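What follows is a single structure, written as structure tokens, with notes after it.
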Amino acid sequence: MNIEQARFNMIEQQIRPWNVLDPAVLSLLTVVKREDFVPAAYRALAFVDTEVPLPAGQCMLAPRVEARMLQELNVHKHERVLEIGAGSGYMAALLAHRAQHVTTLEIVPELARLAADNLKRAAIVNATVREADGSRGVPAEAPFDAIVLSGSVAEVPAGLLGQLKLGGRLIAIAGQQPVMRCTLVTRSGEHAFTSVELFDTVAARLRGFDEQPRFHF
């Protein structure tokens with residue numbers, strides 16, 4: 001497989017047609033080597049428009065979904081980001097290139113180790129992986145400028161929204177199969193939030209979110 005040609009095709013045939021047009025995001029997809037975050041057994045799927053299996057029954061989001069979420073979140077260099085669901089560490093690596101610091105929580109021990117190893121190998125120094133239940137967030141370190149849920153939930157959790165700064169953004173894939181929507185929520189006041197539905201997609205459930213309080217817009 002010609003890796004660079006496959007990467008080019010992924011960007012031009014999957015990602016750009018999905019309204020990912022931010023030059024900084026497209027450029028970043030060539031800098032952060034996705035194949036280095038894919039388990040060896042599935043390396044051939046690194047640039048395919050599909051979710052890639054990970055240990056413990058988890059998976060990486062499809063490339064176009066990752067890229068679109070990254071674009072819509074619009075992270076800046078001075079911002080602190082919280083990610084729920086580290087997976088292989090790929091999204092954390094992308095975010096780290098745009099943020100001041102990324103804290104990524106992973107409930108599955110094997111995946112936490114995998115993500116940490118992958119980030120270290122990629123020389124990412126401003127992302128920290130913690131083995132933790134992401135549904136609780138990190139209240140002691142809140143508020144965050146941005147929160148990313150790298151998987152789906154039934155509804156956007158109120159507890160995580162409360163860990164946003166004023167003006168902070170949370171992006172999540174919410175809903176039930178077969179219809180889920182990627183939703184961007186912005187904190188506009190102490191108890192006020194605005195929500196925009198961005199696109200329809202389907203993603204595997206994040207662990208630990210079954211009994212979380214929901215926020216209704």
Side-chain angles (χ1 to χ4, degrees), residues 18-25 28 61 64-87 91-107 126-130 132-176 179-217:
W18 235 47
N19 291 321
V20 180
L21 304 174
D22 183 338
V25 171
L28 188 53
L61 295 171
R64 58 189 169 93
V65 174
E66 292 167 327
R68 183 75 183 275
M69 291 176 76
L70 186 67
Q71 174 180 271
E72 301 294 345
L73 199 61
N74 193 27
V75 173
H76 298 285
K77 272 295 183 184
H78 66 278
E79 294 186 320
R80 294 169 60 245
V81 180
L82 175 65
E83 182 193 20
I84 310 301
M91 180 61 94
L94 293 172
L95 290 163
H97 277 268
R98 307 201 75 183
Q100 180 186 99
H101 188 267
V102 178
T103 300
T104 181
L105 308 181
E106 177 54 61
I107 197 171
N126 62 327
T128 303
V129 182
R130 295 184 189 170
D133 181 352
S135 67
R136 297 182 177 88
V138 192
E141 296 176 24
F144 294 92
D145 297 285
I147 299 176
V148 184
L149 277 67
S150 291
S152 71
V153 291
E155 294 183 55
V156 176
L160 292 180
L161 290 175
Q163 294 181 35
L164 285 174
K165 282 184 180 178
L166 186 63
R169 297 90 60 209
L170 179 148
I171 197 164
I173 297 167
Q176 305 285 349
V179 179
M180 298 181 187
R181 291 186 174 90
C182 185
T183 303
L184 180 69
V185 183
T186 302
R187 186 167 200 167
S188 54
E190 183 64 28
H191 302 290
F193 299 87
T194 59
S195 174
V196 178
E197 292 182 346
L198 301 170
F199 57 88
D200 291 352
T201 188
V202 173
R205 274 283 189 259
L206 284 169
R207 292 193 182 180
F209 283 82
D210 296 336
E211 302 300 329
Q212 291 299 303
R214 316 303 186 194
F215 192 93
H216 299 280
F217 300 97

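What's counted below: heavy atoms across the whole structure, side chains too, no hydrogens, waters or symmetry copies. These numbers were taken from a predicted model, which means no experiment stands behind them. By convention here, the first residue in the shown sequence is residue 1.
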Given side-chain contact (heavy atoms from CB on, under 4.5 Å), test Leu149 with Leu160 step by step and report yes or no.
CA-CA 10 Å; Leu149 277 67; Leu160 292 180; 3.9 Å; yes

Check whether any side-chain heavy atom of [X] lies under 4.5 Å from a side-chain heavy atom of [Y], and answer yes or no.
X: Ser152; Y: Met180; answer: yes
X: Phe199; Y: Arg68; answer: yes
X: Phe193; Y: Leu170; answer: no
X: Leu28; Y: Leu70; answer: yes
X: Ile173; Y: Val65; answer: yes

Go through the structure and list residues passing side chain to side chain donor-acceptor pair (under 3.5 Å) with Glu197, not counting sequence neighbours.
none

Among residues at least two apart in sequence or on other chains, which ones pass side chain to side chain donor-acceptor pair (under 3.5 Å) with Asp200?
Arg181

Derivation of the side-chain contact (heavy atoms from CB on, under 4.5 Å) call for Glu141 and Gln163:
CA-CA 9 Å; Glu141 296 176 24; Gln163 294 181 35; over 6 Å; no

Among all residues two or more places apart in sequence or in another chain, which pass the side-chain contact (heavy atoms from CB on, under 4.5 Å) test with His76?
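Result, side-chain contact (heavy atoms from CB on, under 4.5 Å) vs His76: Asn74, His78, Glu79.
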
In chain order, what residues pass the side-chain contact (heavy atoms from CB on, under 4.5 Å) check against Leu198, with sequence neighbours excluded?
Glu72, Ile171, Cys182, Leu184, Val196

With a 3.5 Å cut-off and no angle check, do the side chains of Gln176 and Arg205 form a donor-acceptor pair?
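Side chains of Gln176 and Arg205: pair found under 3.5 Å.
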
Closest heavy-atom pair and its distance - [X], [Y]:
X: Val148; Y: Met69; value: CG1-CE, 4.2 Å
X: Thr194; Y: Ser188; value: CG2-OG, 4.0 Å
X: Thr186; Y: Arg169; value: OG1-CG, 3.8 Å
X: Val25; Y: Ala67; value: CG1-O, 4.0 Å

Any chance you could lay out the side-chain contact (heavy atoms from CB on, under 4.5 Å) test for Phe209 and Ile84, step after step, and finish with the verdict?
CA-CA 11 Å; Phe209 283 82; Ile84 310 301; 3.6 Å; yes

Does Arg80 use its side chain to pair, donor to acceptor, with the backbone of Phe144 at less than 3.5 Å?
no

So, does Gln71 use its side chain to make a donor-acceptor pair with the main chain of Leu21 at under 3.5 Å?
yes

Among Leu161, Leu82, Val156, whose side chain to side chain contact (heavy atoms under 4.5 Å, CB included) with Ile147 holds?
Leu82

Could you measure the distance from the OG1 atom of Thr201 to the CG atom of Leu61? Nearest 0.5 Å is fine.
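If we round to the nearest 0.5 Å, Thr201:OG1 and Leu61:CG are 8.0 Å apart.
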
Donor-acceptor pairs under 3.5 Å, side chain of residues 92-105 to any protein atom, not counting sequence neighbours: which ones?
from, atom 1, to, atom 2, distance (Å)
His101, NE2, Thr128, OG1, 3.0
Thr104, OG1, Glu83, OE1, 2.7

I'd like to know whether Val81 forms a side-chain contact (heavy atoms from CB on, under 4.5 Å) with Asp145, so could you lay out the CA-CA distance, the side-chain angles of the two residues, the decisive distance to 0.1 Å, and finally the verdict.
CA-CA 6 Å; Val81 180; Asp145 297 285; 5.8 Å; no

